[in-house]
There are 2 protein chains.
Amino acid sequence: MRLYKSSEYAIRCLVSMAHSGGGVHSVKSLSDNLGIPYKFLGRLMSRLGSEGVVESVKGKAGGYRIVRPLEDIRLAEIVDIVEGLESYERCILGFDRCDEKNPCPMHEFWSGHKDGILEMLKSTTLAQLAESEGKKI
Amino acid sequence: MRLYKSSEYAIRCLVSMAHSGGGVHSVKSLSDNLGIPYKFLGRLMSRLGSEGVVESVKGKAGGYRIVRPLEDIRLAEIVDIVEGLESYERCILGFDRCDEKNPCPMHEFWSGHKDGILEMLKSTTLAQLAESEGKKI
DNA sequence: GCAAAATGCTACCCCCGGGTAGAATATAAA
DNA sequence: TTTATATTCTACCCGGGGGTAGCATTTTGC
């Protein structure tokens, strides 16, 4: 019942970048400021780059930059890229088909929470996460 | 965002046992009926036995039996025994201290869901899970 | 042109959840 | 007493997420 470390890192990193404006941030500086393993974060940002969430700037003074509007980048997209959303959509007891018509024993107790979480992931944007000052990152 | 296989198996197995009365069930029969790996389920039941959720009956015609009243066995207890509840209580972004006073960026979006899930686990009993006919197990 | 600083890529290692194998032990039925 | 059927215990293997290391590549600043 937790995000993968990859998702934790990706979200914290993007929130930090969003928070400090639209400039270019090197992986080194992000890694130092957020306490995230350098090489690991590098792979993560590379992946977010190839999926079009951020843009890479090569060479000296290079790094990564968020290009799309923050209101456009939703949690569900980030999580889907780095860990996939399958585990948020599947039956809690692992059955292939599980719905109102043919429920597992936990369905009535779980489906509400599952739907709520998915809805939250799909509706919450990077703009919302970044807008409040004073929060830890 | 999912139960460990261990929790899936433990819940399905206990629901199945509760459903078919208070008799003794061998690991072999449970494994066959539910499609759960035999040796793996054996270790799981042994653990549930040492924690007092079920009772082992050795020798020929032996197996496991639920002893405590079904209204007394809650999901939270089962999950805590086989996989632990830590991941259901911690901050979604992994911060050590994260609360209303000192929130992480996701706190306001996540804490409600977290509390709801924990409350569900702590209040739902084996009796509730087992009572409905026609559900898959 | 050259060096510094950055991304990009490949190959590893470690830990742990999940799963398997086999022998030891206990006990009811024959 | 023997045998069949069960739990119990230990050791091992596999795959994947998390993490590290090294080198190639790119591009700016001098």
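Quick note on labels: first sequence line is chain A, next is B, and so on, each numbered from 1.
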Within this structure, what is the [atom1]-to-[atom2] distance between [X] and [N], rounded to whole angstrom?
X       : N      : atom1 : atom2 : value
B:Leu44 : C:dT20 : CG    : C1'   : 16 Å
A:Lys60 : C:dG8  : NZ    : P     : 19 Å
B:Lys58 : D:dA4  : NZ    : C1'   : 17 Å

Side chain of B:Pro37 only, please: which of C:dT20, D:dT27, C:dT27 is the nearest?
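The listed nucleotide nearest to B:Pro37's side chain is C:dT20.
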
Would you indicate which nucleotide in C:dG19, C:dT7, D:dT8 comes nearest to any side-chain atom of B:Phe40?
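Looking only at side-chain atoms, B:Phe40 lies closest to C:dG19.
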
With sugar-phosphate meaning primed atoms plus P, OP1 and OP2, does A:Gly59 contact a base, only sugar-phosphate, or nothing at under 4.0 Å between heavy atoms?
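Base: the residue A:Gly59, judged by heavy atoms under 4.0 Å, touches a nucleobase.
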
Applying a 4.0 Å non-hydrogen cut-off, can you work out what A:Tyr4 is touching in the nucleic acid: base, sugar-phosphate, or nothing?
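Sugar-phosphate contact only.
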
OP1 or OP2 of [N] sitting under 4.0 Å from any side-chain N/O of [X]?
X       : N      : result
B:Ser6  : C:dG17 : no
B:Tyr38 : D:dT8  : no
B:Ser26 : D:dT5  : no

Using a distance-only criterion (donor-acceptor N/O pair, under 3.5 Å, no hydrogens), is the base of D:dG22 paired with the side chain of A:Lys39?
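By the distance-only test, yes, there is a pair.
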
Need to verify one output field. Residue with the more 5' nearest nucleotide on DNA chain C, A:Ser56 or A:Arg43?
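Counting from the 5' end, the first nearest nucleotide belongs to A:Ser56.
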
